[in-house]
Number of protein chains: 2
Amino acid sequence: MPRPSEPTRARIVQAASALFYNEGIRRVSVDEVAAKAGLTKRTLYYHFKSKDDLVAAYLAARDQPNLALFRTWFAEAEGGLPAKVEAIFKNLARSARHPKWKGCGFLRTSAELANLPGHPAIRIGAAHKKKFEDWLRATFAEQGIADPLKLARQILLLLDGSFAVVLLHRDASYMETAGEAARTLIETALAKPRRKRG
Amino acid sequence: MPRPSEPTRARIVQAASALFYNEGIRRVSVDEVAAKAGLTKRTLYYHFKSKDDLVAAYLAARDQPNLALFRTWFAEAEGGLPAKVEAIFKNLARSARHPKWKGCGFLRTSAELANLPGHPAIRIGAAHKKKFEDWLRATFAEQGIADPLKLARQILLLLDGSFAVVLLHRDASYMETAGEAARTLIETALAKPRRKRG
DNA sequence: TTGTGTATATTCACTGGTTAGTATACATAC
DNA sequence: GTATGTATACTAACCAGTGAATATACACAA
């Protein structure tokens, strides 16, 4: 087992993240990543066995920070469940108004690599979205919502829909519209009987 | 004014559409498109001034047929407004279960070209989605819904969200879940007073 | 009917640049 | 003196776009 040089590896992932997110995966060459990381391509290939491997590392590094951000926005919001979920959308809208914002890296990667269904990076993206969905589901279940998985998936659909739509139109207000829809769905679910709907 | 050779041009767009949709825009070379169309690259460049021009033509060719399909699904569905909108999602789920399905070409293009915000192809995609949104808005307005634009945008968010999520997970059942959410939102909007909500 | 000019349409062969990945050698640490 | 880590220099393929020549069709004059 080789002991990997973590600072170097981390520096490469950081450079790759910035370039892949800003320019697109197929647009960015391994040479560019190496140059941005301040080392040669050959060194990069010492730490990563292929470009695909590097792409997977780029998304893996985004997994936990992204989830933590969503959880923080939820936890710090005032109000009940609908307001706390809607706060995620409001915070996301604020992020999306930053000029460097370019959508969701996981979704954009799955769109760009749609011809390679089993690609490691796509698997990491799918796992990331599943974790978010499961966190929402558990949160809804705690609140006694009748079908927490379905509601979690509907919120996820609105969230990922707003990533896609805002990227296309460059109009972050769609995220607030999605937040209102999420609020409506949650309020409707809360108004239903706790066990199973009839 | 040159008289363009329409059959040749159409054949190129057809070849480009299949390749760009299946493999991704940056993955596909102009040589591949020319080969698939049965002519040389130089001939292709007689009909299109650049690859970007060809990408724009690929999406422009999908605009009207896609909209017509949605309108047909809506028109042919039984039941009231919620059921007719939900029918769009059900039909989309059926399409998405086809093994060659790879998401929404407009959204995937905007994801792949996110580093080129003003790209002609992105403009065509944005216009396409606006047309769909406006058709929904007009339909909702006819039914006396209080805020038809907001509801239309929420349905669009669910639709584009299902494109993104189903592409990532390769699980078309998310489209049916999105359809249920759409139904809930429309039923809630129909239950509200017709003019403005208080 | 035949010749000729012109715009449309197509091909071959090429350029200059880029790309993922590698063979080999060298450095550094312990 | 051996593991780890870095750099130089290279390959073989690919890629967007172009220069120059040619083929085809059709209008119109002789």
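The basis for the numbers below is simple: all heavy atoms, side chains too, and nothing from hydrogens, waters or symmetry mates. Letters go in sequence order (proteins before strands), and every chain restarts at 1.
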Pairs: protein N or O with nucleotides 27-30 of chain C N or O, under 3.5 Å:
none

For the residue pair D171(A) / S173(A), report whether a side-chain donor-acceptor contact shorter than 3.5 Å exists.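 Yes.
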
Within-4.5 Å side-chain heavy-atom neighbours: F70(A) and L136(A):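 F70(A) does not reach L136(A) side chain to side chain.
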
For the residue pair T109(A) and F20(A), establish whether any side-chain heavy-atom pair is separated by less than 4.5 Å.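 Heavy-atom side-chain distance check fails, nothing below 4.5 Å.
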
Backbone N or O of G24(A) within a donor-acceptor pair of the E112(A) side chain at under 3.5 Å?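 No, E112(A) side chain to G24(A) backbone: no donor-acceptor pair under 3.5 Å.
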
Output yes when a side-chain donor or acceptor of Y21(B) lies under 3.5 Å from a complementary backbone atom of G103(B), and no otherwise.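 Yes.
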
Integer-rounded Å distance: [N] [atom2] and [X] [atom1]:
X      : N      : atom1 : atom2 : result
I12(A) : dG5(D) : CD1   : P     : 11 Å
L44(A) : dG5(D) : CG    : C1'   : 13 Å
R9(A)  : dT6(D) : CZ    : P     : 13 Å

Just wondering, more than 12 heavy atoms not from R27(A) lying within 6.0 Å of its CZ?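 Counting neighbours around CZ of R27(A), 12 or fewer heavy atoms of other residues, nucleotides or ligands fall under 6.0 Å, so no.
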
Are [X] and [N] close enough that a side-chain N or O sits under 4.0 Å from OP1 or OP2?
X      : N       : result
T40(B) : dT11(C) : yes
Y46(A) : dG5(D)  : yes
H47(A) : dT4(D)  : no

Give the B/S/- string for nucleotides 14-24 of chain C, one per nucleotide from 5' to 3', where a protein heavy atom under 4.0 Å of the base yields B, of only the sugar-phosphate yields S, and otherwise -. -----SBBBBB

Of R97(A), R94(A), K90(A), which meets salt bridge (charged side-chain N to carboxylate O under 4.0 Å, His left out) against E176(A)?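 With E176(A) as partner, salt bridge (charged side-chain N to carboxylate O under 4.0 Å, His left out) holds for just one option, R97(A).
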
Residue from K41(A), R42(A), K36(A) passing salt bridge (charged side-chain N to carboxylate O under 4.0 Å, His left out) with D31(A):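 In the set K41(A), R42(A), K36(A), the residue that makes a salt bridge (charged side-chain N to carboxylate O under 4.0 Å, His left out) with D31(A) is K41(A).
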
Dump the intermediate steps for ring-ring contact (aromatic ring centres under 6.0 Å, His included) on F74(B) and W135(B), then the final yes or no. CA-CA 11 Å; F74(B) 179 90; W135(B) 168 69; 5.3 Å; yes

Look for any protein N or O under 3.5 Å of an N or O in nucleotides 22-25 of chain D and output each such pair with its distance, or none.
none

State whether F106(B) and R62(B) meet the cation-pi test: NZ (Lys) or CZ (Arg) under 6.0 Å from the six-membered ring centroid, and within 45° of the perpendicular axis.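 So R62(B) doesn't make the cation-pi contact.
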
Partner nucleotide of dG1(D) by Watson-Crick or wobble geometry (both distances under 3.5 Å):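 For dG1(D), the partner nucleotide comes out as dC30(C), under the 3.5 Å rule.
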
Locate the shortest heavy-atom distance separating H169(B) from K129(A); write the atom from each residue and the value.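 For H169(B) versus K129(A), the nearest heavy atoms are NE2-CB, 3.8 Å.
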
